[in-house]
Number of protein chains: 2
Amino acid sequence: MAEVGRLAGVSQVTVSRALSSPDKVSPETLQRIRQAIAQTGFVPNAVAGALASNRSNLIGALVPSVTNVVYASMLHAFSEIMWQHGYQIMLSETGFDPEREEKAVATHLSRRPDAMLLTGIHHSAGSRRMLVNAGIPVVEVWDMSDTPIDCCVGFSHAAAGEAAAAFAVKAGYVRAATITAGDERAMRRQLAFARHFERLTGQRVQRVDFSVSATLGLGRDGLQRLLTDGLPKGAVIFCSSDQFAQGVLIEAGARGLKVPQDVAVIGFGDQEFAAMTEPGLTSLRIDRQVLGQVAANALIDRFRSGAVGQAVHDIGFEIVRRQSA
Amino acid sequence: MAEVGRLAGVSQVTVSRALSSPDKVSPETLQRIRQAIAQTGFVPNAVAGALASNRSNLIGALVPSVTNVVYASMLHAFSEIMWQHGYQIMLSETGFDPEREEKAVATHLSRRPDAMLLTGIHHSAGSRRMLVNAGIPVVEVWDMSDTPIDCCVGFSHAAAGEAAAAFAVKAGYVRAATITAGDERAMRRQLAFARHFERLTGQRVQRVDFSVSATLGLGRDGLQRLLTDGLPKGAVIFCSSDQFAQGVLIEAGARGLKVPQDVAVIGFGDQEFAAMTEPGLTSLRIDRQVLGQVAANALIDRFRSGAVGQAVHDIGFEIVRRQSA
DNA sequence: CGTCCTTATGAATGCGCATACATAGATGCG
DNA sequence: CGCATCTATGTATGCGCATTCATAAGGACG
């Protein structure tokens, strides 16, 4: 920067100003400085800038997995808005593991991000403490809590599970089963679904639980296991993700079972392909774009106005009825 | 850090050493320092550390899109290894846009990453210049080039297209079509496929091109358009991604067309679901895990040994034959 | 013409750490 | 016992910028 200044015949300060607030520098000087920058190929050192100004323009983002499109698309919408506001994303995957999340929180905070995005509302005590101490805006997504670290945007998983059960009963199903991945939020939906369905119909809900993430293949397995366990004809299966649901559809097809007559399916997430399967998949839609956008805007708001403003954002969900249930 | 030192009765340097090379500090002192750290909740400032040491332990990663699972899973494998080596990932999406990539390169470099990962081998002149000037290891993935910026790991898209054509001809198909997304690498595969197929059979290859990313829905559209254009019975369709291929499968099913008898399909990417569709999808497999891992290790190598070592890594591809072709 | 404000710039400082160099005590060995 | 060597620690310095305060040169105004 000093080098650029020398070339332009000004001091380092003036170069700094030319970059951060060009209107405070006379047009001719600005011109010379810009030329000197082009000439030298100068790239400002944001590390030094961050140290001096105590603002990094970095946002730390912690998601369970980027390969899961539901998190990826939320992240995409989030980073899009952040990028427009001049912020960059530091990303780590936590793999649904609180210990790993805690390590990631520590390393992220050591880089002094201006804000953090976390997935879910359940974090280790250590993570919470560090985040509170950091004194920066924190947004937790994909869930809701009355006691967020700072603010949260998501929806009620219990309400989603109940709504699915109510929908199923209203649609005339009297027998139900669930296929659930090893994800704490999915389990809460399952629980709410099963409880509500049993309360409404008096019929016990069959279940298959996996301890890992949902895949199409496991969905096929899931249906097979339910059938082995004596799933009655005409039952509806509430899947914790559309991957499972699509697997069920395919397995049903391979076995000559008609959907929804022989077996009905409700997915979760309403992913792009849900509208395109045969038959179309009935699913709970979460608007992941909106989720990411609301989260981003919540942070931007907090940058502007301190830690005031709405702390809990409910983006809700919607049941999209197609042919599978 | 000085504060921690005061509490432990030592100077700032000793605290610094206790964190970076604990074996150079006496056990008792180390003990006291650790206690002081726990007591104060001290979190080291990596920004200052980076400025002082000129090493950031940050890796910049530029991918077209995180919502596309092929890039996401490569990124996952890459960041996993980088994380193990103590590096963190700064992520930006470029959306297949060189201009946007150039901006991202500039902002990334301003944060002085220790290395960069880029997708593809085609970059703007400005991007190339900045990256070369930065003097850090750069790895380009998903493609191969004789003149990488620094090093690259990928495979030959032309060879992949040709291999698909050779496979189709050998399998007895005499008519072919392609469905291609608006992605430069996909177009190169399409071109190689069409050329080779035409050379081998003398039959012209029908084509449908989209200017956007592949989705299942567009795959359905694609088959529809090909049929409208008079796709002959028994033709094979080479899709630029498994999303398209699955769409074709579903559309064929909805129309009562038998796969592979009435229409055969070859996908690209061999995504998780390819083995699970009905019928199973024949696809070109790229090992995205290996891609990410090799890229990560190439950078680690370069950290250790300077800019020597292998510059071009061909991870190849493989045709996975299932039932769809 | 002196005072006050405005605009454009520069000098000085410090952000929090890593690094090079210095120092002091302990240990080894002939 | 004296010198070399090693271990544990400290002092000084600077990374490259943003920020604060100071300064100089013009107007505006009564």
Side-chain angles (χ1 to χ4, degrees), chain A residues 1-34 36-37 40-58 86 88 106-114 133-136, chain B residues 1-34 36-37 40-58 86 88 106-114 133-136:
Chain A
M1 213 163 196
E3 165 69 19
V4 169
R6 208 168 306 128
L7 240 164
V10 295
S11 73
Q12 174 258 322
V13 214
T14 308
V15 180
S16 172
R17 265 194 285 259
L19 291 172
S20 56
S21 39
D23 52 312
K24 290 195 170 178
V25 174
S26 76
E28 311 87 59
T29 311
L30 195 55
Q31 169 77 17
R32 271 180 295 131
I33 290 176
R34 293 217 163 122
I37 287 177
T40 54
F42 169 73
V43 178
N45 186 327
V47 177
L51 182 62
S53 68
N54 206 24
R55 296 187 50 250
S56 61
N57 288 310
L58 267 180
Q88 261 182 285
T107 56
H108 275 246
L109 288 181
S110 79
R111 300 195 184 275
R112 300 295 187 266
D114 288 345
N133 286 346
I136 55 174
Chain B
M1 212 161 197
E3 165 69 18
V4 169
R6 209 168 306 128
L7 240 163
V10 295
S11 73
Q12 174 259 321
V13 217
T14 309
V15 179
S16 171
R17 265 194 284 258
L19 291 172
S20 56
S21 38
D23 52 312
K24 290 194 171 178
V25 173
S26 75
E28 312 87 59
T29 311
L30 195 55
Q31 169 76 15
R32 271 180 294 132
I33 290 176
R34 293 218 162 121
I37 288 177
T40 54
F42 169 73
V43 178
N45 186 326
V47 177
L51 182 61
S53 68
N54 205 25
R55 297 188 48 248
S56 61
N57 289 311
L58 267 180
Q88 260 181 287
T107 56
H108 274 248
L109 288 181
S110 79
R111 300 198 183 272
R112 300 295 188 266
D114 289 344
N133 286 346
I136 55 174

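Remark: P of C/dA11 and CZ of A/R6 are 12 Å apart, rounded to the nearest angstrom. Here the P atom of nucleotide C/dC17 and the CD1 atom of B/I37 are 10 Å apart, to the nearest Å. Atoms CZ (A/R32) and P (C/dT9) sit 7 Å apart, rounded to a whole Å. D/dG10 atom P lies 15 Å from atom NZ of B/K24, rounded to whole Å. Distance B/N57 CG to C/dA18 P: 11 Å, rounded to the nearest Å. Nucleotide D/dT7 holds its P atom 10 Å from the CG atom of B/D23, rounded to whole Å. Straight-line distance from the CD atom of B/E28 to the P atom of D/dT9: 8 Å, rounded to whole Å.
In this model, the phosphate group of D/dC15 is not approached by any side-chain N or O of B/S53 to a distance below 4.0 Å at OP1 or OP2. Of the side-chain N and O atoms in B/S16, none sit less than 4.0 angstrom from OP1 or OP2 of C/dC17. Side-chain nitrogen and oxygen atoms of B/S26 include none within less than 4.0 Å of the OP1 or OP2 phosphate oxygen of D/dA8. For the pair B/S11 and D/dT9, the criterion of a side-chain N or O lying under 4.0 Å from OP1 or OP2 is not met.
Between the side chain of A/T40 and the backbone N or O of A/A36, at least one donor-acceptor pair lies under 3.5 Å. At distances below 3.5 Å, at least one donor-acceptor pair connects side-chain atoms of A/D114 with backbone N or O atoms of A/N57. Put simply, the side chain of B/S110 never gets that close to the backbone of A/V43: no donor and acceptor are under 3.5 Å apart.
Among the heavy atoms of the strands, none lies under 4.0 Å from A/V47. Contacts of B/T29 with the nucleic acid, taken as non-hydrogen atoms under 4.0 Å apart, involve only primed sugar atoms and P, OP1 or OP2.
Taking every side-chain heavy atom of B/L51 into account, C/dG16 is the closest of C/dG16, D/dC17, C/dG10. With distances taken from any side-chain atom of A/M1 to the nucleotides C/dC17, D/dG16, D/dA18, the minimum falls on D/dA18. Each of C/dA18, C/dC15, C/dT9 was ranked by its minimum atom distance to the side chain of A/A52; first place goes to C/dC15. For A/F42, taking side-chain heavy atoms from C-beta onward, the closest of the listed nucleotides C/dA18, D/dC17, C/dT9 is D/dC17.
Open room surrounds CG on B/N54; 12 or fewer heavy atoms of other groups in view lie less than 6.0 Å from it.
Positionally, the nearest nucleotide of DNA chain D for B/Q12 lies more toward the 5' end than for the other of B/Q12 and B/N54. Position along DNA chain D of the nearest nucleotide to B/G9 versus A/G49 favours B/G9 as the more 5'-ward residue. Nearest-nucleotide positions on DNA chain C for A/L30 and B/P44 put A/L30 closer to the 5' end.
In this structure, A/M1 and A/F42 have side chains that are in contact, with non-hydrogen atoms separated by less than 4.5 Å.
Between the CG atom in B/L58 and the CZ atom in B/R111 there is a gap of 9.0 Å [rounded to 0.5 Å].
In this model, a side-chain donor or acceptor of B/R17 finds a partner on the base of D/dG10 within 3.5 Å.
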